[in-house]
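Read through the structure below, which is laid out as structure tokens, and then see the notes.
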Amino acid sequence: MAKHLTPEQIDRIIEMAWEDRTPFEAIQFQFGITEMETKALMRRELKRSSYELWRKRVTSRKTKHQKLRNFEEGRFKCTRQRQISNNKITKR
């Protein structure tokens, strides 16, 4: 990964990657890293068993890819969204 990320940014990326309804495109928009870079970061930062569990969950989720999602149920907003100060999207 060519881009230097702070520990806080890495923690936020991991948190976003674990969330079922946060697409990889949102991570790329916010932090400028691709899906493959996100997977590499997760592999590097998590324990092997945690990474394998995450990959198993992500592989079967349509919600992790924006093109595969439908928004018939409405937009999901995390209950902690307002508390996150490093979230660029909420500062719009």
Side-chain angles (χ1 to χ4, degrees):
M1 185 178 313
K3 187 175 179 181
H4 176 71
L5 298 169
T6 66
E8 292 82 14
Q9 289 173 322
I10 291 172
D11 287 346
R12 181 63 184 137
I13 291 169
I14 292 171
E15 184 178 3
M16 290 175 76
W18 268 107
E19 293 170 351
D20 292 338
R21 300 189 76 173
T22 302
F24 288 113
E25 291 85 359
I27 296 170
Q28 184 171 8
F29 175 78
Q30 217 174 322
F31 297 99
I33 63 172
T34 65
E35 177 181 345
M36 294 304 290
E37 291 172 325
T38 301
K39 290 175 183 176
L41 181 138
M42 295 292 278
R43 181 184 296 245
R44 186 180 72 240
E45 297 293 327
L46 297 178
K47 293 186 299 186
R48 181 178 179 163
S49 60
S50 297
Y51 174 77
E52 289 173 359
L53 178 67
W54 174 76
R55 284 294 293 142
K56 186 177 179 181
R57 285 181 59 227
V58 168
T59 302
S60 62
R61 298 260 178 223
K62 289 183 178 180
T63 56
K64 290 305 281 184
H65 298 278
Q66 202 160 6
K67 290 181 182 179
L68 301 177
R69 296 174 74 158
N70 64 12
F71 286 97
E72 293 172 4
E73 297 85 28
R75 183 179 174 273
F76 174 78
K77 183 176 178 185
C78 178
T79 57
R80 297 180 315 272
Q81 189 78 27
R82 185 179 296 255
Q83 298 172 4
I84 299 168
S85 60
N86 295 330
N87 192 339
K88 293 180 187 175
I89 294 173
T90 60
K91 293 182 181 179
R92 285 185 170 184

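These numbers come from a predicted model, not from an experiment. In what follows, every heavy atom counts, from backbone to side chain, and hydrogens, waters and symmetry copies are set aside.
Under a 3.5 Å cut-off, the side chain of Trp54 and the backbone N or O of Ala17 do form a donor-acceptor pair. Of the possible donor and acceptor atoms, one in the side chain of Thr38 sits under 3.5 Å from a partner among the backbone N and O of Thr34.
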Task: Intermediate values then yes/no, side-chain contact (heavy atoms from CB on, under 4.5 Å), Phe24 and Val58 - done: CA-CA 10 Å; Phe24 288 113; Val58 168; 3.6 Å; yes
Open item on the list: For Leu41 and Leu5: C-alpha separation, side-chain torsions, deciding distance, then whether side-chain contact (heavy atoms from CB on, under 4.5 Å) applies.
Closed with: CA-CA 10 Å; Leu41 181 138; Leu5 298 169; 3.8 Å; yes
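Nearest heavy-atom pair, Met16 versus Thr22, reported as atom, atom and distance to 0.1 Å: O-CB, 3.4 Å. Summarising the geometry of Glu37 relative to Gly32, their closest heavy-atom pair is OE1-O, 4.1 Å, with the distance given to 0.1 Å.
Every residue meeting the side chain to side chain contact (heavy atoms under 4.5 Å, CB included) condition with Thr6, not counting sequence neighbours, appears here in chain and number order: Glu8, Gln9. Considering only residues two or more places apart in sequence or on other chains, Glu52 meets the side chain to side chain contact (heavy atoms under 4.5 Å, CB included) condition with Arg48. Among residues two or more places apart in sequence or in another chain, the side chain to side chain contact (heavy atoms under 4.5 Å, CB included) test is passed with Arg43 by Tyr51.
Here Met36 contributes atom CE and Lys39 contributes atom NZ; the two are 5.5 Å apart, rounded to the nearest 0.5 Å. Taking CD1 of Ile14 as the reference point, atom CD of Glu45 lies at 5.0 Å (rounded to 0.5 Å). The CH2 atom of Trp18 lies 15.5 Å from the CD1 atom of Ile13; values are rounded to the nearest 0.5 Å.
Under the 4.5 Å side-chain criterion, counting only non-hydrogen atoms from C-beta, Gln28 is not in contact with Ile33.
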